[in-house]
A.B. asks: 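This structure is in structure tokens; I'll ask about it shortly.
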Amino acid sequence: MAIKGINRIILAVHDLEAAKAFYQELLGAEFHEANWTGEAFGIHVAISWNAGIELCAPMPGREADSFLAPMLKNRGEGTIINVVFGFDDADEPYARAKAMDIATVNTVDYTQEEIDAHLDGLFSRYKEYFLNTGNRSGYGITLGEFQKKHK
């Protein structure tokens with residue numbers, strides 16, 4: 001298992017457009033809309049692969065019942081809610097997490113068709129294990145396997 005380091009951090013924000021504008025101006029971040037990943041959770045999502053950040057904001061009308069609401073209320077704008085670590089093979093650290101009795105919140109393993117449709121065809125492999133580590137680390141940890149598509 002080779003860890004590649006941090007792939008991105010996921011931040012909770014009140015206003016997705018305002019946060020995108022801030023990081024675009026400050027860092028030159030280029031965002032890709034990823035709302036298709038967050039609709040089920042009542043959030044809007046934008047990912048900047050070049051800056052290594054993902055922004056999550058409650059959908060309009062869902063501010064009060066969003067899982068982000070208590071985080072934003074208690075910790076404020078820009079709260080780190082998740083750190084995504086990249087691996088050559090995410091199954092190996094995932095097996096360790098299971099051996100440590102760390103629960104899995106969600107798993108994604110996208111087909112090439114989904115990658116092409118939703119992730120601009122940037123990858124030939126995209127898999128993530130979202131772990132329930134907030135009580136141990138203060139934020140979620142995601143184990144990811146990302147292989148960039150060779151052009």
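No hydrogens, no waters, no symmetry mates; every other heavy atom, side chains included, goes into these values.
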A.B. asks: Check the pair Leu27 / Phe22 against side-chain contact (heavy atoms from CB on, under 4.5 Å), numbers first and verdict last.
C.D. replies: CA-CA 8 Å; Leu27 305 175; Phe22 172 75; over 6 Å; no

A.B. asks: Identify the heavy atoms of Gly78 and Val13 that sit nearest to each other, and give their distance.
C.D. replies: N-CG1, 4.4 Å

A.B. asks: Side chains of Ile6 and Phe85: closer than 4.5 Å at any heavy-atom pair?
C.D. replies: yes

A.B. asks: Identify the two heavy atoms, one from Ala12 and one from Leu68, that lie closest to each other, and give their separation to 0.1 Å.
C.D. replies: CB-CD2, 3.9 Å

A.B. asks: Less than 6.0 Å separating the ring centroids of Trp49 and Phe123?
C.D. replies: yes

A.B. asks: With the threshold set at 4.0 Å, does a side-chain nitrogen-carboxylate oxygen contact exist between Lys20 and Glu33?
C.D. replies: yes

A.B. asks: So do Phe130 and Thr104 actually touch side chain to side chain, heavy atoms under 4.5 Å?
C.D. replies: no

A.B. asks: Before accepting this row, confirm whether a basic side-chain N of the pair Asp116/Lys149 lies closer than 4.0 Å to the acidic partner's carboxylate O.
C.D. replies: yes

A.B. asks: Got a second to check how far Leu72's CG is from Phe67's CZ, nearest 0.5 Å?
C.D. replies: 9.5 Å

A.B. asks: side-chain contact (heavy atoms from CB on, under 4.5 Å) for Met100 and Arg136? Distances and angles first, verdict last.
C.D. replies: CA-CA 12 Å; Met100 294 171 64; Arg136 294 185 182 187; 3.8 Å; yes

A.B. asks: When you check the side-chain N and O atoms of Tyr126 and Glu128, is any donor under 3.5 Å from an acceptor?
C.D. replies: yes

A.B. asks: Output yes when a side-chain donor or acceptor of Gln147 lies under 3.5 Å from a complementary backbone atom of Ser124, and no otherwise.
C.D. replies: no

A.B. asks: Atom CG in Leu143, atom CZ in Arg96: separation rounded to 0.5 Å?
C.D. replies: 8.5 Å

A.B. asks: Assess the residue pair Val45 and Ile47 against the criterion (side-chain contact (heavy atoms from CB on, under 4.5 Å)); give the C-alpha distance rounded to whole Å, side-chain angles, the decisive distance to 0.1 Å, and a yes or no.
C.D. replies: CA-CA 7 Å; Val45 179; Ile47 300 173; 4.3 Å; yes

A.B. asks: Quick check: is Ile10 connected to Met59 through a chain of hydrophobic side chains (ILVMFWY, heavy atoms under 4.5 Å apart)?
C.D. replies: no

A.B. asks: Of the non-hydrogen atoms in Thr79 and Gly76, which two are nearest, and what is the gap between them?
C.D. replies: OG1-O, 2.6 Å

A.B. asks: Does atom NZ of Lys98 have more than 12 heavy-atom neighbours, drawn from other residues, nucleotides or ligands, at distances under 6.0 Å?
C.D. replies: no

A.B. asks: Which heavy atom in Tyr129 sits nearest to a heavy atom in Ala90, and how many Å separate them?
C.D. replies: CE1-O, 3.8 Å

A.B. asks: Please find the pair of heavy atoms, one from Asn50 and one from Gly28, that lie closest to each other, and give the distance.
C.D. replies: ND2-O, 3.1 Å

A.B. asks: Within the distance-only criterion (no hydrogens, no angle test), does the side chain of Thr133 pair as donor or acceptor with the backbone N or O of Tyr139 below 3.5 angstrom?
C.D. replies: yes

A.B. asks: Mind checking side-chain contact (heavy atoms from CB on, under 4.5 Å) for Ala97 and listing every partner two or more places apart, or none if nothing turns up?
C.D. replies: Ile102, Leu131

A.B. asks: Just how far is it from atom CD of Glu114 to atom CG of Asp109, taken to the nearest 0.5 Å?
C.D. replies: 9.0 Å

A.B. asks: Can you tell me how far the OG1 atom of Thr107 sits from the NZ atom of Lys127, to the nearest 0.5 Å?
C.D. replies: 9.0 Å

A.B. asks: Search all heavy atoms of Glu145 against all heavy atoms of Asp91 and return the closest pair with its distance.
C.D. replies: OE1-N, 4.5 Å

A.B. asks: As a quick check of understanding, evaluate side-chain contact (heavy atoms from CB on, under 4.5 Å) for Ile81 and Met71, giving each step before the final call.
C.D. replies: CA-CA 8 Å; Ile81 59 174; Met71 293 176 202; 3.0 Å; yes

A.B. asks: With a 4.5 Å heavy-atom cut-off, do Asn82 and Ile9 have their side chains touching?
C.D. replies: no

A.B. asks: Is the count of non-hydrogen atoms from other residues, nucleotides or ligands lying under 6.0 Å from Glu30 atom CD greater than 12?
C.D. replies: no

A.B. asks: Measure the spacing between OH of Tyr94 and CG of Asp89 and express it to the nearest 0.5 Å.
C.D. replies: 13.0 Å

A.B. asks: Quick one: does Asp120's side chain have a donor or acceptor within less than 3.5 Å of a partner on Leu122's backbone?
C.D. replies: no

A.B. asks: Between atom NE2 of His32 and atom NE2 of His118, what is the distance when rounded to the nearest 0.5 Å?
C.D. replies: 14.5 Å

